[in-house]
Amino acid sequence: MAGRGYVTREIRRHQGDAVALEIDQVAEEVPVALVYNGISHAVMMATPLDLEPFAAGFSLTEGIVDGVHEIYDVEVEPGCDGIEVRLEVSQRAFMALKQRRRTLAGRTGCGVCGIESLALLDLVPEPLAGIQPVSPDAAAIRRAAADLRARQHLMAATGGVHAAAWCGPDGQLRAVFEDVGRHNALDKLIGHLARAREAFGEGFVFLSSRASYELVRKAARMQIPMLATISAPTSLAIRIAEQAGVRLLSFCRQDGFVEYTSPGTVIASEPPVAAG
C-alpha cells in the first residue's frame with residue numbers, strides 16, 4: 001500500500017520561555033481489519049504501510065495458514081474509519097480458522113488482546129526442527145546495530161515506530177520494515193520473506209525493541225534460529241526461546257550484547273524472593 005506512514009500536524013513547541021509554531025510529523029496508527037474469506041477475524045492497530053506482507057506474516061505467525069501457498073489473494077480496501085485487508089485462503093485453512101475463531105482486538109504493543117483464555121495462547125511452539133542456529137560474531141551484531149538506524153526512515157521522520165530487520169550471518173541488513181507495533185513490524189518482515197521464498201534458517205532478525213514473548217513465539221513458529229533486540233527481554237520471552245531452541249540476544253549495541261539463551265544450554269531461573 002502506498003503512503004508515507006505519517007501525518008503532519010501543526011504544533012506549538014515550548015522550549016524555556018519561547019514558543020514556536022512548527023509542523024510536526026506523527027506516525028499513523030489506524031485499525032486494520034484482517035478478513036478471511038469474507039469473515040473478519042482480527043483488528044490490529046498498525047501503521048498503514050506494507051499491509052500485504054503484514055497480512056501474510058500475521059497469517060503465518062498466528063498459524064492461520066501453513067504457508068504462503070494457502071493465501072490465494074490479498075486486497076487492501078481503505079475505509080473511513082480504518083482499512084480492511086481481505087484475504088482469500090485455502091478451504092483447509094479457512095475451516096481450521098473457523099474451528100478456533102476468536103475475536104482479536106489488537107492494540108499497539110499487545111500480543112494477546114481479545115484472547116478469551118490463557119489456554120488459547122499457544123505460548124511454546126515446536127522446537128526448531130533441524131535448523132542449526134546461526135552464530136554471528138560480535139562484528140555481525142555491531143554491523144547490524146550500526147546500520148539499522150540509517151534504514152529506519154519512518155522513525156527518522158516521526159520518532160515513534162519500531163523496526164524489524166532481516167540480517168545475513170555477517171550482520172548485513174537485507175530487509176527492514178517499520179510499524180508503530182513491534183509485533184506488526186515483525187509480521188511485515190516475515191510476510192515479505194515468506195513471499196520472497198527466503199530461507200528463514202540462513203539469517204537472523206534484529207529488532208529495535210525489547211524482546212517480548214510474542215516476538216520470540218513468532219520467530220520460533222517460522223523456524224527463525226536467532227532473535228537479536230536492542231532492548232531487554234522479558235522472562236517469558238527467555239523461557240519460550242529456551243524451550244523452542246531460539247538463540248536470544250538482547251541489549252545489542254555496537255560495543256557488545258547479552259546472550260540469554262544458547263541452544264542446548266539450560267538457563268536456571270532464580271527463585272522468587274519473599275517480600276518483607
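Everything quoted here is computed from the prediction, not taken from an experiment.
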Nearest-0.5 Å distance that lies between atom CD in E75 and atom CZ in R86: 7.0 Å

S235 and Y213 side chains, donor-acceptor separation under 3.5 Å: no

Verdict with reasoning, M222 to T61, per side-chain contact (heavy atoms from CB on, under 4.5 Å): CA-CA 7 Å; M222 299 311 300; T61 62; 4.0 Å; yes

Parallel, tilted or perpendicular: ring planes of H192 versus F177, cut at 30 and 60 degrees: tilted

Heavy-atom closest contact (N37 atom, E88 atom, distance): OD1-CA, 3.3 Å

Path from V35 to F54 over hydrophobic side-chain contacts below 4.5 Å: no

Atom CD of E22 with >12 non-hydrogen neighbours under 6.0 angstrom: yes

Side chain proximity check, I190 to F200, heavy atoms < 4.5 angstrom: yes

Close side-chain approach of E28 and R4, heavy atoms under 4.5 Å: no

Same cluster (ILVMFWY, side-chain, under 4.5 Å), L215 and V258: yes

Salt bridge present between R182 and E214 (N-O < 4.0 angstrom): yes

Expected output: side-chain T261 to main-chain V246 donor-acceptor under 3.5 Å: yes

Close side-chain approach of K98 to Y36, heavy-atom, < 4.5 Å: no

Spacing of CZ belonging to R143 relative to CG belonging to D170, to within rounding of 0.5 Å: 5.0 Å

Heavy-atom check, side chain of D24 versus side chain of T8, under 4.5 Å: no

Spacing of CG belonging to L51 relative to CD belonging to E77, to within rounding of 0.5 Å: 12.5 Å

Smallest separation among heavy atoms of G63 and R221, with atom names: CA-NH1, 3.8 Å

N-O pairing of R92 and D66 below 4.0 Å: yes

Shortest non-hydrogen contact from A138 toward F257: CA-CE2, 4.0 Å

Stepwise side-chain contact (heavy atoms from CB on, under 4.5 Å) check, S208 with M155: CA-CA 10 Å; S208 68; M155 179 65 174; over 6 Å; no

Verdict with supporting geometry, S90 and Y72, side-chain contact (heavy atoms from CB on, under 4.5 Å): CA-CA 7 Å; S90 70; Y72 300 151; 3.3 Å; yes

Shortest non-hydrogen contact between S40 and A33, atoms and distance: OG-CB, 4.4 Å

Pairwise side-chain contact, L49 with D179, heavy-atom cut-off 4.5 Å (strictly under): no

Transitive ILVMFWY side-chain link I39 to V65, under 4.5 Å: yes

For the student: nearest non-hydrogen atoms of A194 and L60, plus distance: CB-CD1, 3.4 Å

Minimum side-chain heavy-atom gap F251-P233 below 4.5 Å: yes

N/O donor-acceptor pair under 3.5 Å between T47 side chain and G5 backbone: no

Flag side-chain contact, heavy atom, 4.5 Å: R247 against L227: no

Side-chain (K188) to main-chain (E52) donor-acceptor, under 3.5 angstrom: no

Partner residues of D81 under the side chain to side chain contact (heavy atoms under 4.5 Å, CB included) criterion, sequence neighbours left out: none

Flag, side chain of R12 to backbone of L21, donor-acceptor distance under 3.5 Å: no

Members sharing V7's hydrophobic cluster (side chains within less than 4.5 Å): V26

Under 3.5 Å side-chain donor-acceptor pair for T229 and S250: yes

I230 side, atom CD1; C252 side, atom SG - distance, nearest 0.5 Å: 8.0 Å

Salt bridge (Lys or Arg N to Asp or Glu O under 4.0 Å) evaluation trace for E178 with R151: CA-CA 10 Å; E178 295 180 277; R151 297 283 295 274; over 6 Å; no

Separation of H162 NE2 from N184 CG (nearest 0.5 Å): 10.0 Å

Student check: side-chain heavy atoms of E202 and P169 closer than 4.5 Å: no

Connected via hydrophobic side-chain network under 4.5 Å: F204 and L173: yes

Stepwise side-chain contact (heavy atoms from CB on, under 4.5 Å) check, W166 with V205: CA-CA 5 Å; W166 180 244; V205 168; 3.8 Å; yes

Enclosure of R174 CZ (heavy-atom neighbours >12, cutoff 6.0 Å): yes

Test: E62 and K218 ion pair at under 4.0 Å: yes

Side chains of R210 and T234, donor plus acceptor under 3.5 Å: no

Point-to-point distance, once rounded to the nearest 0.5 Å, from CD1 of I71 to CZ of R195: 8.0 Å

Nearest atoms (heavy-atom pairs only) where V176 meets A165: CG2-CB, 3.8 Å

